[in-house]
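Note that the numbering runs from 1 along the sequence shown for the chain.
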Amino acid sequence: MEPGTDPLDLWLWPFRVGLDVMAGATLARIDWTTPNEIVADFTTMRLRAFVAQGAAPVIVVAPYAVHDAGIDDLAPGHSLIERLAAEGLGPILLVEWKSAASATRGLSIDACLADLNAAVDLAPARPILAGLCQGGWLSLAYAAAFPAGIAKLVIAGAPVDTSHPSAIADGAREISPELVENLVAAGGGLVSGRATLGAFRLFGNAEADACDILQVKQPCAAALLARFTAWNERTVDLPGRYYADALNWLFRDNRLASGNFPVFGRATPLSRVTVPIFALAGARDAVAPPPQVFAALDLVGTPAAARAKALADCGHLALFMGARTLAREWVEIAAWMKGSEAGGSE
């Protein structure tokens, strides 16, 4: 069976392909572009240090969905880590989420946030948190739970207010929580990254043109295309508990935007976020459309003068690895990180 045009398939396809796929495969090692070292190894993540010195410490929170953290350091000219370092930021740390296994299949959003809190504690000073896609809403939830923990917050391509339509949010609202629980149990508590990637490809929500994503002229250089293809084929499996709670709380019930998103057992409204915040969205992003992302700026408690945004002319993946986006919008964001409020303000 192949998914058609039903938004439900974006959520249900990983469970329809059979339990043999759910077992996953050995995760290939990431071929990092920028030298780094692992400075901490937690249950849900590894914390990597890339740059030792700079104007301000930054923790980049990679997405915890489908692909691995190599999205942040793909290749020269296509690396967010490289861009932030070139703009003088540092130390730069990266949250690299681990692929789930049988021993970690029950891990929750709270487990991710607890490890993220430990990572923040390891920064040499209050860091700037830069959350990408699924890492963006996790970073928002963290900032609401620990408002004094970070200095600034950047969210890029992050679904926040899912009352604004998208295929992912629309599909989630069609699935009952009971069905989700039954499917996760039937899948052995794991959600296959390979199957999820297949759903996005066949449904049509994932960009297929590497040149468009990387924002380079055709034909794409063979070495760059090979690095992108290798990254695109590497997937991570998700804990079933994390997957179910994200589906239900964020996409189906819209609890992050409505103010009752639970963190460690209590509702954590985004009004508790008071640090300066910058939101980046892609004008052609079907995964997290601009209204979903920019809604965060109206929900936080940050003063208006400390809220900023930028709209890039790109789709979802190009927000993180597109050469033009990294050279334009992320240069602007880096200047904002270092204290300049020029450009992008509301």
Side-chain angles (χ1 to χ4, degrees), residues 7 10 60-63 65-66 71-72 80 83 129-141 143-144 152-173 200 203-209 212-215 246 250-259 261 270 273 276-300 302 304-337 341 343-346:
L10 287 170
V60 177
V61 184
V66 188
I71 191 174
D72 299 308
L80 176 58
R83 170 52 60 193
L129 214 56
L132 314 182
C133 186
Q134 304 294 327
W137 65 259
L138 277 168
S139 296
L140 263 173
K152 292 184 178 181
L153 177 63
V154 177
I155 60 169
V160 178
D161 185 350
T162 57
S163 67
H164 299 283
S166 69
I168 296 175
D170 294 347
R173 283 189 282 271
F200 274 90
F203 188 81
N205 270 341
E207 299 118 312
D209 187 344
D212 183 60
I213 293 169
L214 298 172
Q215 296 173 336
L250 180 70
F251 290 100
R252 187 175 66 83
D253 298 337
N254 199 29
R255 297 180 71 173
L256 191 63
S258 62
F261 192 89
L270 294 184
V273 178
I277 180 173
F278 197 114
L280 172 66
R284 295 180 277 114
D285 190 343
V287 175
Q292 288 189 7
V293 181
F294 290 149
L297 300 176
D298 297 321
L299 296 169
V300 296
T302 304
R307 301 193 302 256
K309 67 180 180 181
L311 182 66
D313 181 19
C314 65
H316 187 68
L317 294 177
L319 287 171
F320 319 121
M321 57 177 72
R324 185 177 63 248
T325 307
L326 289 167
R328 294 180 183 177
E329 282 77 17
W330 279 103
V331 168
E332 177 184 350
I333 293 170
W336 179 89
M337 286 179 170
E341 298 294 334
S345 60
E346 291 195 297

Mark yes or no for whether D253, through its side chain, and R255, through its backbone, hold a donor-acceptor pair below 3.5 Å. no
Can you confirm whether L297 sits close enough to F278 that some side-chain heavy atom of one is under 4.5 Å from a side-chain heavy atom of the other? no
Going by heavy atoms in the side chains, are S139 and L153 under 4.5 Å from each other? yes
Is there a side-chain contact between V154 and I277 (heavy atoms, below 4.5 Å)? no
Which is it for L319 and C314 under the side-chain contact (heavy atoms from CB on, under 4.5 Å) test, yes or no, and what are the steps along the way? CA-CA 7 Å; L319 287 171; C314 65; 3.6 Å; yes
Just by distance, with hydrogens left out, do Q292 and T162 show a side-chain donor and acceptor under 3.5 Å apart? no
Mind checking what makes ring pair (Phe, Tyr, Trp, His ring centres under 6.0 Å) contact with F320, not counting sequence neighbours? H316
Out of V61, L80, L138, which one pairs with L132 under the side-chain contact (heavy atoms from CB on, under 4.5 Å) rule? L80
Does L250 reach the side chain of P159, with side-chain heavy atoms less than 4.5 Å apart? yes
Side-chain heavy-atom pair V300, L140 within 4.5 angstrom cut-off: yes
Value rounded to 0.5 Å, distance of OG1 in T325 from CD1 in I213: 11.5 Å
Can you see which heavy atom on R173 is nearest to which on F251, and at what distance? NH1-O, 3.6 Å
Provide the closest heavy-atom pair for E332 versus K309 in the form atom of the first, atom of the second, distance. OE2-O, 4.4 Å
Side-chain touch V331/R83, heavy atoms, less than 4.5 angstrom: yes
Across all chains, not counting sequence neighbours, the side chain to side chain donor-acceptor pair (under 3.5 Å) partners of E329 are none
Taking the side chain as C-beta and beyond, is there a heavy-atom pair between L311 and P290 under 4.5 Å? yes
Quick one: which residue pairs count as a salt bridge (Lys or Arg N to Asp or Glu O under 4.0 Å) with a foot in residues 313-326, not counting sequence neighbours? R284-D313
Measure the shortest side-chain to side-chain distance between L280 and W330 over non-hydrogen atoms and say whether it is less than 4.5 angstrom. yes
